[in-house]
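Right, one structure below, let's go through it.
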Amino acid sequence: MNRKQYTAIAFALVGAAALSAQAVVAKDLTVAVYSAFTTLDPYDASDTLSQNVAKSFYEGLFGFDKDMKLVNVLAESYDVSKDGLEYTIKLKQGIKFSDGEPFNAAAVKANFDRVTNPENHLTRYQLYRNIESVEVVDDATVKFHLKEAFSAFINQLAHPSGVMICPKTLALSKKEVAFNPCGTGPYVLEKYNPAEYLVVKKNPNYWQKGLPKLDSISFRPVLEDATRVAMLRTGEAQFVDVVPPEHVERLKETPNIVVDAAPSIVQRQIYLNNTKKPFNDLRVRQALNYGLDKHAMVKVLYKGFSAPATGVAPEGIDFAKQFGEWPYDPKKAKELLTAAGYPNGFTATLWAASNSSANQKMLQFLQQQYARIGVKLQVRALEAGQRVTLVQSVGPEKSTSQMFCWGWSASTGELDWVLRPLLATSSFPPANSNYAYYSNPKLDSLLTAALKTTDRAEKTKIYDEAQELIWKDAPWVFLVVDQGISARSANLTGFYSLKDGGFNFLEADLK
């Protein structure tokens, strides 16, 4: 063999080694998120972000696609009894939890027995308390017995909290479950610090062939909006959720970055305490709706990436009815306040649900807007612990809340999970999220009737009547419906935002 042949072979070996190295380059994704995590136990989470990242480990019987349409996940099919009290679900077979144990009907029963036991004090108890019992028919069949007919039950099971946790993990304490995730999902835990990072790595035994495509995902809480955006621009992160509208145009001009914006089902409102003066007067509540320029809000705060609310629930929620926005009419607002006995307006406190920079700007905007009709607002942005103490855990008798601004997305995709938790008398905090303490016996009866019928036309008629009643009663100031804005590196595919404010990364890949 001559020198030229040796040289050619050497170059070939070097080239092959380089190609081999490229082939095994790890696909590690970094995601900058807007908040710290509260828990990795979806049954005990009330925030969208914590439920989002839990998709690394967990899957439910049902779920939603990008358009909020129901899809089967761990369930193969289901049947409903004629009286609507029994749901029999066939399960997919051959699936294992990440600890090697089989997924079966006994595991389904163990999970829902846990959440429906009030002694476990899980946040999502209220969502699933309508389950009377869960029966194991055989390994691949489970039957849910309900306390009363509930036509939105499959949507309820598709909620991101309704996941399958390994039975052995369920035997741990509540705190240990939150730090030791184990499910049927595409990833397993590598390391976790709630305030700083969550790192997950590929589950090598995941049941869906060819998935996941990434080797790891690092979720990093970054509260400052500008810092998250900067991480994307420098390549330190490849996906940023909740992009501030004011950063969109600059990001669009940045090479190799893609900005995605689409209508969501996240609607924002100001909850007015209907049990206290002056908000127990319909005319005052109407005045606050007329006295706010929502188009200015869309332009100033959202840079066009939202739209005024036109109903109790936004389009995209099944059975939602749209009425057209409350018009901006400050003259009518002042007339209503005068008729209610407040010719010079009044003073009130307005709280925001978090102390993010976006909420700080919203408080200032609302303060300026309402001053024009004589309503003087003392504003305060609450930290998470303050929100729980002052709003989420307080009944009407002890509540000091007057006006409270927050958003809501019905992650069941169905109207029940807007009206019942936010407006039913039984949903006063701490039981659920009726932060307006609104009570209307007529509405309560309509909500019950809607869940008892399986006739879609009848259900639509009932829900239309319920929404018309609420819209006229104006228990809230109806604000805006968000657009979901996220941004990603151009080489990241299959990672997208959902209409409920969540995101999906099952098929995420780095090219």
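The structure displayed is predicted, hence computed values, not measured ones. Quick note: residue numbers are just sequence positions, from 1.
Counting all heavy atoms, side chain and backbone alike, Ala474 lies closest to Asn289 at CB-ND2, 3.7 Å. Between Gln369 and Tyr328 the shortest heavy-atom distance is OE1-CE1, 4.5 Å. The heavy-atom pair separating Asn440 from Lys442 by the smallest distance is OD1-N, 3.0 Å. Annotation for Leu74 and Glu59: closest pair CD1-O, 3.7 Å, computed over non-hydrogen atoms. Annotation for Leu223 and Ser35: closest pair CD1-CA, 4.2 Å, computed over non-hydrogen atoms. Between Pro314 and Ile265 the shortest heavy-atom distance is CG-O, 3.6 Å.
There is a side-chain donor-acceptor pair under 3.5 Å between Gln322 and Thr310. Side chains of Gln286 and Arg283: no donor on one and acceptor on the other come within 3.5 Å. A donor and an acceptor atom, one from each side chain of Asp41 and Thr39, are nowhere located under 3.5 Å apart.
Aromatic ring centres of Phe150 and Phe144: separated by at least 6.0 Å.
For the atom pair OG1 of Thr88 and NZ of Lys143, the computed distance is 4.5 Å after rounding to the nearest 0.5 Å. Here the CE atom belonging to Met403 is positioned 8.5 Å from the OG1 atom belonging to Thr349, to the nearest 0.5 angstrom. Here the CG atom belonging to Leu232 is positioned 10.5 Å from the CZ atom belonging to Arg488, to the nearest 0.5 angstrom. Distance check, rounded to the nearest 0.5 Å: CG of Asp500 to OG1 of Thr412 gives 9.5 Å. In this structure, the separation between CD1 on Ile270 and CZ on Phe404 is 11.0 Å, given to the nearest 0.5 Å. From Asp444, atom CG reaches atom CG of Leu419 across 11.0 Å, with rounding to the nearest 0.5 Å.
Phe365 CZ: more than 12 foreign heavy atoms inside a 6.0 Å radius. Open room surrounds CD on Glu315; 12 or fewer heavy atoms of other groups in view lie less than 6.0 Å from it. The 12-atom threshold is not exceeded at NZ of Lys461, counting heavy atoms of other residues, nucleotides or ligands nearer than 6.0 Å. Within 6.0 Å of the NZ atom in Lys452, the count of heavy atoms belonging to other residues, nucleotides or ligands does not exceed 12.
In terms of modelled atom types and a separation under 3.5 Å, the side chain of Trp408 and the main chain of Trp417 share a donor-acceptor contact. A side-chain donor-acceptor contact under 3.5 Å links Lys92 to the backbone of Val73. In this structure a side-chain-to-backbone donor-acceptor pair under 3.5 Å is missing from Ser427 to Leu423. In this structure, Tyr43 contributes its side chain and Val163 its backbone to a donor-acceptor pair below 3.5 Å. Judged purely by atom type and a 3.5 angstrom limit, Arg228 has no side-chain atom pairing as donor or acceptor with the backbone of Pro244. Under the 3.5 Å distance criterion, the side-chain polar atoms of Glu148 are left unmatched by any main-chain donor or acceptor of Asn130. Remark: side-chain polar atoms of Ser50 are not paired, donor with acceptor, to backbone N or O of Ser46 under 3.5 angstrom. Listed for the Gln367 side chain is no donor-acceptor partner under 3.5 Å among the backbone atoms of Leu363. Under a 3.5 Å cut-off, the side chain of Tyr370 and the backbone N or O of Leu288 do form a donor-acceptor pair. Ser77 contributes no side-chain N or O that, together with a main-chain N or O of Lys90, makes up a donor-acceptor pair within less than 3.5 Å.
Phe346 and Tyr342 have perpendicular rings, their planes meeting at more than 60° on a 0 to 90° scale where under 30° would count as parallel. Ring-plane geometry between Phe153 and Tyr87 is classed as tilted, the angle between the planes lying from 30 to 60 degrees on a 0 to 90 degree scale.
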Report task. Using the side-chain contact (heavy atoms from CB on, under 4.5 Å) rule, take Val53 and Val31 through it: C-alpha gap first, then chi angles, then the decisive distance, then the call. Result -> CA-CA 10 Å; Val53 296; Val31 179; over 6 Å; no
Query raised in the report: Going through the distances and angles, do Tyr78 and Phe62 end up as a ring-ring contact (aromatic ring centres under 6.0 Å, His included)?
Result: CA-CA 10 Å; Tyr78 71 92; Phe62 303 92; 5.7 Å; yes
Requested in this report: Quick one: do Arg268 and Asp482 satisfy side-chain contact (heavy atoms from CB on, under 4.5 Å)? Show the steps, please.
Outcome: CA-CA 8 Å; Arg268 302 193 180 277; Asp482 290 0; 2.8 Å; yes
Requested in this report: Evaluate the side-chain contact (heavy atoms from CB on, under 4.5 Å) criterion for residues Asn155 and Phe64: first the C-alpha distance (whole Å), next the side-chain angles of each, then the deciding distance (0.1 Å), finally the verdict.
Outcome: CA-CA 9 Å; Asn155 287 75; Phe64 295 101; 4.1 Å; yes
Report task. Please assess Leu382 against Asn359 for the test side-chain contact (heavy atoms from CB on, under 4.5 Å), listing each intermediate value before the final yes or no. Result -> CA-CA 10 Å; Leu382 304 179; Asn359 271 338; over 6 Å; no
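Taking 4.5 Å as the limit, every side-chain heavy atom of Tyr435 sits out of range of all side-chain heavy atoms of Ser399. Proximity of Asn52 to Val33: side-chain heavy atoms (C-beta onward) are nowhere separated by under 4.5 Å. The shortest side-chain heavy-atom distance between Asn355 and Gln360 falls under the 4.5 Å cut-off. Residues Leu91 and Leu61 meet the side-chain proximity criterion, which asks for heavy atoms closer than 4.5 Å. When side chains are defined from C-beta on, Pro429 does not count as touching Val394, because their heavy atoms never get closer than 4.5 Å. Between Phe219 and Asp241, every side-chain heavy-atom pair lies at or beyond the 4.5 Å cut-off.
Electrostatic pairing of Asp67 and Lys69 does not count as a salt bridge here, judged by no charged N lying under 4.0 Å from a carboxylate O. A salt bridge links Lys459 with Glu414: the distance from a Lys NZ or Arg NE/NH1/NH2 to an Asp or Glu carboxylate oxygen falls below 4.0 Å.
Cation-pi contact between Arg114 and Tyr128: absent, since separation from the ring centre below 6.0 Å together with deviation from the ring axis within 45° is not met.
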Without placing hydrogens or testing angles, list every side-chain donor-acceptor pair under 3.5 Å for residues 290-303, not counting sequence neighbours.
from: Asp293; atom 1: OD1; to: His295; atom 2: N; distance (Å): 3.2
from: Asp293; atom 1: OD1; to: Ala296; atom 2: N; distance (Å): 3.1
from: Lys294; atom 1: NZ; to: Phe478; atom 2: O; distance (Å): 3.0
from: His295; atom 1: NE2; to: Glu325; atom 2: OE1; distance (Å): 3.4
from: His295; atom 1: NE2; to: Glu325; atom 2: OE2; distance (Å): 2.6
from: Lys303; atom 1: NZ; to: Val300; atom 2: O; distance (Å): 3.4

